[in-house]
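Read through the structure below, which is laid out as structure tokens, and then see the notes.
Naming: A, B, ... by sequence-line order, numbering from 1 per chain.
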Protein chains: 2
Amino acid sequence: MAAEESTAIRRRGRPRKSQGGDDADPRVAIVAAASALFAAQGIEAVTMAQVAERAGLQQSSIYYWFRSKADVLRAILEDVNRIPLRIVEEARTSGGPIADRLHRLIREDVLALCRFPFDINEIHRLAAGDPDGFADYWEERARLDQEVAALVSEGVASGALRPVDPVLAARSLLAADEATQNWFRVGGDPDYTEEDVAAHVAVAGVRSLLADGVDWTPA
Amino acid sequence: MAAEESTAIRRRGRPRKSQGGDDADPRVAIVAAASALFAAQGIEAVTMAQVAERAGLQQSSIYYWFRSKADVLRAILEDVNRIPLRIVEEARTSGGPIADRLHRLIREDVLALCRFPFDINEIHRLAAGDPDGFADYWEERARLDQEVAALVSEGVASGALRPVDPVLAARSLLAADEATQNWFRVGGDPDYTEEDVAAHVAVAGVRSLLADGVDWTPA
DNA sequence: GTCTATATCTGGATAGAC
DNA sequence: GTCTATCCAGATATAGAC
């Protein structure tokens, strides 16, 4: 994107007025600043001026690195969007009883989402309003659904899980994970740690699908 | 709020340019218009001009009936916010096995939320940004949590439910309901009806909490 | 490369005529 | 009561100096 300095010490351009962010790659600083602010206030509520201030730049300087606010958001989503997918794929390909794999999947997904610096629901709304600009996002999300559904399907076929609709069950599980993230972020209830919540949701998720008469307790 | 016309036929004020909304109480028309638009586009994305147009008024005329956009939102929340609470209270006071009552509660809550004309998550964000203005909202929401927790608590005490933390379990259940609403609204997946979804979530919710060895199927 | 300055646009809210 | 006209604030994005 931006020009790269080979090895010279001298910086290009007018010196910064004040550096609040890391003096490193401004692109990185901008993304970091935007992440934190988006997380704290919601994406739409954050102005480019705020992002700039936190990144140690003037407002307009951001436009040297990114062409728009949506462009900044896309850069962030690129980094973090693949985490749940990676978790699911791990659960899909690993061995062992379905219930254990499902349990691990939900637990890790909730934990990952809780650490995720955004309100996923807000992202969904923004992405829904600009389907073309977020085509990658939607594609990955669809794959996430499919992977989980496949896992549930496997469990139903093996008799470990009761005969639910795999697609419906998968979406419900993922929705529950996202919902957990949301109220955990908003409420910030200090009585429960992320681990408490993740553990509860994971056990509840598995047991909600377990076949009758199957005995299971978390490994 | 606004002056009431006793029985006279004559209307006050300058005639409307064009009436798109019901000719009834403009307050009602405004609320209805705002509800529909908020639901379709998200609250923050809707402008007062849009609301006015749909209500058959000019943009500024809204300010005769409401003092601000947030005021319109509050008027809407007043009407709909009590529905889940009513459902929960019914489940609390009615008789029968806990599992059945819980099942009915979740099912009806999901159905109510799916018909709810808003993204609850967006409301939470807005309300979080203006805690004073939405004090009533938060209070009712807290009561909702407490009621469900009390129901779970009763089930745990009676041995029908496994020994979960009632508060954590209650929040998880409600979060799942809200999450369901969200993806149902956004995704609009035509493969499943509201009833399909509500039925699945309700059964899953109950089974996720059922004590070991307890046999239960939906009534 | 980053700055200052500013164009442009949008949306909430007000003033006063009718 | 509703209108027209307008103010005002805040935000994105651009132009051009340094």
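The main-chain N or O of A:L57 is never found under 3.5 Å from a side-chain atom of A:S61 such that the two would form a donor-acceptor pair. Remark: the backbone N or O of B:S94 is paired with a side-chain donor or acceptor of B:R101 at under 3.5 angstrom. Using modelled atom types, one side-chain atom of B:E122 and one backbone atom of B:I43 make a donor-acceptor pair closer than 3.5 Å.
In this structure, B:F66 places its CZ atom 16 Å from C1' of D:dT2, rounding to the nearest Å. One can place CD of B:E44 at 16 Å from P of D:dG10, the figure rounded to the nearest angstrom. Distance B:M48 CE to D:dT2 P: 14 Å, rounded to the nearest Å. Rounded to whole Å, the distance from CD1 on A:I30 to P on D:dT12 is 14 Å. Whole-Å rounding puts the B:E53 CD to D:dT4 P distance at 13 Å. Atom CD in A:Q50 sits about 14 Å away from atom C1' in D:dT12, given to the nearest Å. A straight line from CD1 of B:I62 to C1' of C:dT14 spans 14 Å, rounded to a whole angstrom. Spacing between atom CG of B:L57 and atom P of C:dA13 amounts to 16 Å, rounded to whole angstrom units.
In terms of phosphate contacts, A:Y64 brings no side-chain nitrogen or oxygen within less than 4.0 Å of OP1 or OP2 of C:dT2. Here B:Q59 does not reach the OP1 or OP2 of C:dG11: none of its side-chain N or O atoms lies under 4.0 Å away. Remark: B:Y63 is in phosphate contact with C:dA13, judged by side-chain N or O atoms under 4.0 Å from OP1 or OP2.
Backbone-only engagement by B:V46 is indicated by non-hydrogen atom pairs under 4.0 Å involving sugar-phosphate atoms exclusively. B:S61 comes within contact range of at least one nucleobase, with a heavy-atom separation under 4.0 Å. A:S68 comes within 4.0 angstrom of the backbone, heavy atoms only, and of no base. As judged by a 4.0 angstrom heavy-atom cut-off over every strand, B:V72 is placed among residues making no nucleic acid contact.
On a pure distance criterion of 3.5 Å, a polar donor-acceptor pair joins the side chain of B:S60 and the base of D:dT4.
Nearest to the side chain of A:P26, among C:dA15, C:dT2, D:dT12, sits C:dT2. The side chain of B:W65 has D:dG1 as its nearest neighbour among C:dG12, D:dT12, D:dG1. With distances taken from any side-chain atom of B:K69 to the nucleotides C:dC3, D:dT4, C:dA13, the minimum falls on C:dA13. Here the side chain of B:Q58 is nearest to one of D:dC3, D:dT14, C:dG12, namely D:dC3.
Distance check: B:Q146 CD to B:R92 CZ gives 10.0 Å after rounding to the nearest 0.5 Å. Annotation: the span from B:I106 atom CD1 to B:H200 atom NE2 amounts to 11.0 Å, rounded to 0.5 Å.
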